[in-house]
K.L.:
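To start, I am sharing the structure in question, which I have written as structure tokens.
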Amino acid sequence: MESQLFSTSPSIFHFPSPKTLFSNKTTHRNPNFSSFTPKRKLAIQAKLMEKENKLWGGRFEQTVTDKVEKFTESISFDKELYKHDIMGSKAHASMLAKQGLMSESDKDSILKGLDEIQRKIEAGEFEWREDREDVHMNIEATLTEMIGEPAKKLHTARSRNDQVLTDFKLWCRDAIDRIAASIKNLQVALVKLALNNEGLIVPGYTHLQRAQPVLLPHLLLAYVEQLERDAGRLLDCKLRMNFCPLGACALAGTGLPIDRFMTSEALGFTAPMRNSIDAVSDRDFIMEFLSANSITAIHLSRLGEEWVLWASEEFGFLTPSDSVSTGSSIMPQKKNPDPMELVRGKSARVIGDLVTLLTLCKGLPLAYNRDLQEDKEPVFDSVKTVVGMLEVSAEFAQNITFNQERIQKSLPAGHLDATTLADYLVNKAREEMWRGEGEGLPREKYVDNSYSRGGIRRDKSGLPFRTAHEIVGTCVHLCVSRNLRLEDLTLDDLKRINPAFQQDVYEYLGVENAVNKFCSYGSTGSACVANQLDYWVAKLEISKI
């Protein structure tokens with residue numbers, strides 16, 4: 001994709017002459033044709049006549065071989081950029097006319113021709129030709145066929161190097177908007193799911209072991225928060241991406257009086273890129289884009305893993321509807337949450353697309369290298385895959401029910417209220433200390449704002465949490481030995497472990513009581529989660545009706 005178009009021919013078409021075609025000179029394209037039959041000679045000549053001279057072919061005497069042409073073409077995938085290529089060409093033509101590098105009538109012919117090409121593409125009437133290599137040359141060659149000489153002025157002060165980067169940035173900007181919209185749709189689905197399950201307590205896990213009780217809406221909103229950061233990363237990436245390479249040409253810019261600021265503004269960019277070599281050679285904006293996609297895919301994979309586990313017989317916490325489930329070809333009883341399994345699996349593709357780009361770019365010298373033709377397919381795949389993952393996750397969220405009875409039966413196991421019991425001891429010691437100070441305990445008991453009672457040294461902040469942790473660990477050990485819950489222990493049992501326990505300890509035991517004791521900002525306490533829900537309902541403009 002080098003430099004501007006310089007053609008020594010008055011036409012873009014160049015066919016070999018019979019003298020050249022049938023000479024005795026043997027080349028990689030032209031063997032000794034004198035030994036061929038007249039019929040075969042005509043067939044070969046007809047095949048060669050089908051091929052155009054390349055737009056860059058002025059200095060070449062031979063056409064590329066079929067294998068080289070097939071290996072180097074990119075039209076099979078980069079035609080995805082057609083709309084953005086036409087946008088860029090329109091802006092470029094308008095700038096050239098303003099700068100006196102083409103006439104207004106030529107500009108009008110080009111704009112009209114480009115509109116007709118876009119209409120044909122979108123109507124399925126456009127012929128994409130492999131021998132024209134890529135989307136840019138397909139459109140330019142077709143435009144030349146349609147309007148003639150004016151089309152040849154379109155590539156003035158432009159290389160395919162800056163042209164393709166302009167197209168690609170425009171495409172990526174639109175792709176980011178599509179992904180961000182899909183993220184919001186999933187967020188809305190998760191918030192609605194949370195609203196439909198307010199007050200439902202589920203086991204919270206660390207190390208995939210029972211940890212503490214949490215409200216299901218709190219858990220679902222954790223994914224909403226992650227998705228919000230995913231959207232933020234994409235929008236940050238879009239801001240850094242939004243600088244225009246058009247006019248950088250092959251690498252060094254141009255000696256023609258173009259106005260890069262005009263084309264940049266016309267295409268909605270923040271400004272032209274400052275350095276023409278950087279403009280055509282770096283793909284960091286794609287690496288950042290695919291990195292953001294990979295993080296999104298990992299978040300979706302984690303959601304998929306959790307819901308696959310929860311749908312299993314071992315958990316049984318949720319049931320997907322038949323409309324988002326599949327069966328087995330051999331086991332009649334099976335009902336599989338396949339969409340979320342594939343969400344988990346497809347994250348590998350998205351991560352792989354990022355690794356492809358990183359590996360592609362790691363050893364390239366400045367400026368443009370043909371290797372960079374390979375940057376597009378991983379991006380197209382990443383975007384398509386991430387959008388699909390987001391859409392099917394939202395669909396799945398709208399078609400599941402949580403099995404409240406099964407969840408309720410599972411809650412007693414695991415001593416989920418143990419940490420809350422430790423908090424009780426810390427609070428109890430603090431309350432007793434302040435109450436004792438008011439009840440006339442001997443002042444000599446206090447040493448450096450602390451006092452000793454029952455062998456435990458306490459300061460005015462209460463019982464040290466590590467001490468409380470050890471006491472509750474002893475309580476849990478007793479429960480395990482007797483196959484009891486913490487709330488099943490009698491007050492005498494608790495007092496034998498530590499005299500600090502009082503009758504009010506039972507206000508902290510049991511998962512419902514434990515959840516109600518959470519009060520820190522962002523915690524799983526009912527009031528805190530209600531505030532979080534209100535925030536997201538307002539931010540995402542969700543109707544509670």
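A quick note: this is a predicted structure, and the numbers were derived from the prediction, not measured. Note that these values count all heavy atoms, side chains included, but never hydrogens, waters or copies made by symmetry. Position 1 is the first residue of the sequence, and the numbers go up from there.
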K.L.:
With distance as the sole test, does Asn275 use its side chain to make a donor-acceptor pair with the main-chain N or O of Asp278 at under 3.5 Å?
P.N.:
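Yes: the side chain of Asn275 pairs with the backbone of Asp278.
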K.L.:
Would you call Arg132-Glu145 a salt bridge at under 4.0 Å N-O?
P.N.:
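Yes, Arg132 and Glu145 are salt-bridged.
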K.L.:
Could you check Tyr82 against Ile117 for side chain to side chain contact (heavy atoms under 4.5 Å, CB included), going step by step and ending with a plain yes or no?
P.N.:
CA-CA 10 Å; Tyr82 79 88; Ile117 288 172; over 6 Å; no
K.L.:
Flag the pair Leu267 / Thr166 as yes when at least one side-chain heavy-atom distance between them is below 4.5 Å, and no otherwise.
P.N.:
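A side-chain contact under 4.5 Å exists here.
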K.L.:
Calculate, to the nearest 0.5 Å, the distance between atoms CG and CD1 belonging to Asp174 and Ile179 respectively.
P.N.:
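The distance works out to 11.5 Å.
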K.L.:
Would you mind reporting whether Leu540 and Lys184 have side-chain heavy atoms less than 4.5 Å apart?
P.N.:
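Yes; the side chains approach each other to less than 4.5 Å.
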K.L.:
Check side chain to side chain donor-acceptor pair (under 3.5 Å) between Glu125 and all other residues, then give those that pass, not counting sequence neighbours.
P.N.:
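Here the qualifying residues are Arg119.
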K.L.:
Taking the side chain as every heavy atom from C-beta outward, state whether Phe269 and Arg260 have any atom pair closer than 4.5 Å.
P.N.:
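Counting from C-beta outward, Phe269 and Arg260 never come under 4.5 Å.
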K.L.:
To the nearest 0.5 angstrom, please state how far the CG atom of Asp259 sits from the OG atom of Ser94.
P.N.:
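One gets 12.0 Å once the value is rounded to the nearest 0.5 Å.
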K.L.:
For Cys249 versus Ala157, what's the shortest heavy-atom pair and its separation?
P.N.:
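Cys249 and Ala157 have their closest heavy atoms at SG-O, 3.3 Å.
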K.L.:
For residues 382-396, which residue pairs qualify under side chain to side chain donor-acceptor pair (under 3.5 Å), counting only residues two or more places apart or in two chains?
P.N.:
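Side chain to side chain donor-acceptor pair (under 3.5 Å) check on residues 382-396 returns Asn293-Ser382.
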K.L.:
Counting C-beta onward and ignoring hydrogens, is there a side-chain heavy-atom pair between Met241 and Glu288 closer than 4.5 Å?
P.N.:
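Answer no - side chains too far apart.
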K.L.:
Can you name the closest pair of heavy atoms from Ile400 and Pro320 and give their distance?
P.N.:
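Heavy atoms only, the tightest pair is CG2-CA, 3.8 Å.
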K.L.:
When you measure from the side chain of Thr270 to the backbone N and O of Asn242, does any donor-acceptor pair fall under 3.5 Å?
P.N.:
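Present.
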K.L.:
Can any side-chain N or O of Asn138 pair as donor or acceptor with the backbone N or O of Arg129 at less than 3.5 Å?
P.N.:
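Side chain of Asn138 to backbone of Arg129, a donor-acceptor pair under 3.5 Å: yes, one is there.
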K.L.:
Output the distance between atom OG1 (Thr63) and atom CD (Glu69), rounded to the nearest 0.5 Å.
P.N.:
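The CD atom of Glu69 is 8.0 Å from OG1 of Thr63, to the nearest 0.5 Å.
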K.L.:
Please test Ser89 against Arg158 for side chain to side chain donor-acceptor pair (under 3.5 Å), starting from the C-alpha separation and ending with a verdict.
P.N.:
CA-CA 10 Å; Ser89 291; Arg158 184 173 74 168; 3.1 Å; yes
K.L.:
For residues Leu227 and Leu190, determine if any side-chain heavy atom of one lies less than 4.5 Å from a side-chain heavy atom of the other.
P.N.:
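Yes, close enough: below the 4.5 Å cut-off.
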K.L.:
Please report the closest heavy-atom contact between Ala297 and Ser347, naming both atoms and the distance.
P.N.:
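Answer, listing the atom of Ala297 first, then Ser347: O-CB, 3.6 Å.
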K.L.:
Output, in order, the C-alpha distance, side-chain angles, deciding distance and verdict of side chain to side chain contact (heavy atoms under 4.5 Å, CB included) for Met102 and Ile110.
P.N.:
CA-CA 11 Å; Met102 73 166 59; Ile110 288 171; 3.5 Å; yes
K.L.:
Give a yes/no verdict on a cation-pi contact between Arg160 and Tyr368, requiring under 6.0 Å between NZ or CZ and the six-membered ring centre and an angle within 45° of the axis.
P.N.:
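No; the conditions do not both hold, so Arg160 does not lie above the ring face of Tyr368.
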K.L.:
Between Leu96 and Lys153, is a side chain to side chain contact (heavy atoms under 4.5 Å, CB included) present by the stated rule, with each step listed?
P.N.:
CA-CA 9 Å; Leu96 292 175; Lys153 299 178 182 179; 5.9 Å; no
K.L.:
Atom CG in Leu193, atom CG in Asn197: separation rounded to 0.5 Å?
P.N.:
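It is 5.5 Å, given to the nearest 0.5 Å.
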K.L.:
Do Leu186 and Leu300 touch side chain to side chain, with heavy atoms closer than 4.5 Å?
P.N.:
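Result yes, sub-4.5 Å side-chain heavy-atom pair found.
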K.L.:
When you measure from the side chain of Asp78 to the backbone N and O of Val135, does any donor-acceptor pair fall under 3.5 Å?
P.N.:
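Judged by distance alone, yes, a pair lies under 3.5 Å.
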K.L.:
Within a strict 4.5 Å, meaning less than it, do heavy atoms of the Cys361 and Leu372 side chains meet?
P.N.:
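Yes, close enough: below the 4.5 Å cut-off.
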K.L.:
Decide whether a cation-pi geometry holds between Lys169 and Phe285; the criteria are a distance under 6.0 Å from NZ or CZ to the six-membered ring centre and an angle within 45° of the ring axis.
P.N.:
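Pair Lys169/Phe285 counts as cation-pi.
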K.L.:
Working to the nearest 0.5 Å, report the span between OG1 of Thr144 and CE of Met137.
P.N.:
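Those atoms lie 10.5 Å apart.
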K.L.:
When you look at CZ of Arg302, are more than 12 heavy atoms from neighbouring residues, nucleotides or ligands closer to it than 6.0 Å?
P.N.:
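No, not enclosed.
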K.L.:
Identify the heavy atoms of Ser74 and Asp134 that sit nearest to each other, and give their distance.
P.N.:
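For Ser74 and Asp134, the tightest heavy-atom pair comes out as OG-CB, 3.3 Å.
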K.L.:
Heavy atoms only: give me the nearest Thr524-Leu215 pair and the separation to one decimal.
P.N.:
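Nearest heavy atoms, Thr524 then Leu215: OG1-N, 2.9 Å.
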K.L.:
Can you see which heavy atom on Leu360 is nearest to which on Asp371, and at what distance?
P.N.:
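Looking at all heavy atoms of both residues, the shortest contact is CD1-O, 3.3 Å.
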K.L.:
Keeping the roles fixed (side chain from Asp162, backbone from Gly253), state whether a donor-acceptor pair exists under 3.5 Å.
P.N.:
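Looks like no, no N/O pair under 3.5 Å.
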K.L.:
Whether Lys539 and Glu228 form a salt bridge (side-chain N of Lys/Arg under 4.0 Å from carboxylate O of Asp/Glu) is what I want to check.
P.N.:
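Yes, this pair counts.
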K.L.:
Do NZ/NE/NH1/NH2 and the carboxylate oxygens of Lys238 and Asp177 come within less than 4.0 Å?
P.N.:
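The answer is yes: the pair qualifies as a salt bridge.
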K.L.:
Give a yes or no answer on whether the side chain of Ser276 reaches the backbone of Leu251 with a donor-acceptor pair at less than 3.5 Å.
P.N.:
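Confirmed, Ser276 side chain pairs with Leu251 backbone.
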K.L.:
Step by step, work out the side chain to side chain contact (heavy atoms under 4.5 Å, CB included) result for Val343 and Met340.
P.N.:
CA-CA 5 Å; Val343 164; Met340 299 313 292; 4.3 Å; yes
K.L.:
Working to the nearest 0.5 Å, report the span between CD1 of Ile298 and OG of Ser294.
P.N.:
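So the gap between those two atoms works out to 6.5 Å.
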K.L.:
Side chains of Gln118 and Leu114: does their closest heavy-atom pair fall under 4.5 Å?
P.N.:
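Of all side-chain heavy-atom pairs linking Leu114 with Gln118, none is under 4.5 Å.
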K.L.:
Before accepting this row, confirm whether a basic side-chain N of the pair Arg283/Asp375 lies closer than 4.0 Å to the acidic partner's carboxylate O.
P.N.:
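The answer is yes: the pair qualifies as a salt bridge.
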K.L.:
Going by atom type alone, with no hydrogens or angles, which donor-acceptor pairs under 3.5 Å involve a side-chain atom of residues 306-317 and a protein atom two or more places apart or on another chain?
P.N.:
from	atom 1	to	atom 2	distance (Å)
Glu306	OE1	Tyr223	OH	3.1
Ser312	OG	Leu309	O	2.6
Ser312	OG	Phe315	N	3.4

K.L.:
Looking only at atom types and distance, does a side-chain atom of His218 sit under 3.5 Å from a main-chain N or O of Gly522, one as donor and one as acceptor?
P.N.:
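Looks like yes, one N/O pair under 3.5 Å.
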K.L.:
Determine whether the side chains of Ser291 and Arg233 contain a donor N or O and an acceptor N or O closer than 3.5 Å.
P.N.:
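The criterion, which ignores hydrogens and geometry beyond distance, is not satisfied for Arg233 and Ser291.
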K.L.:
I'd like to know if the side chain of Gln99 and the backbone of Leu101 have a donor-acceptor N/O pair within less than 3.5 Å.
P.N.:
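Absent.
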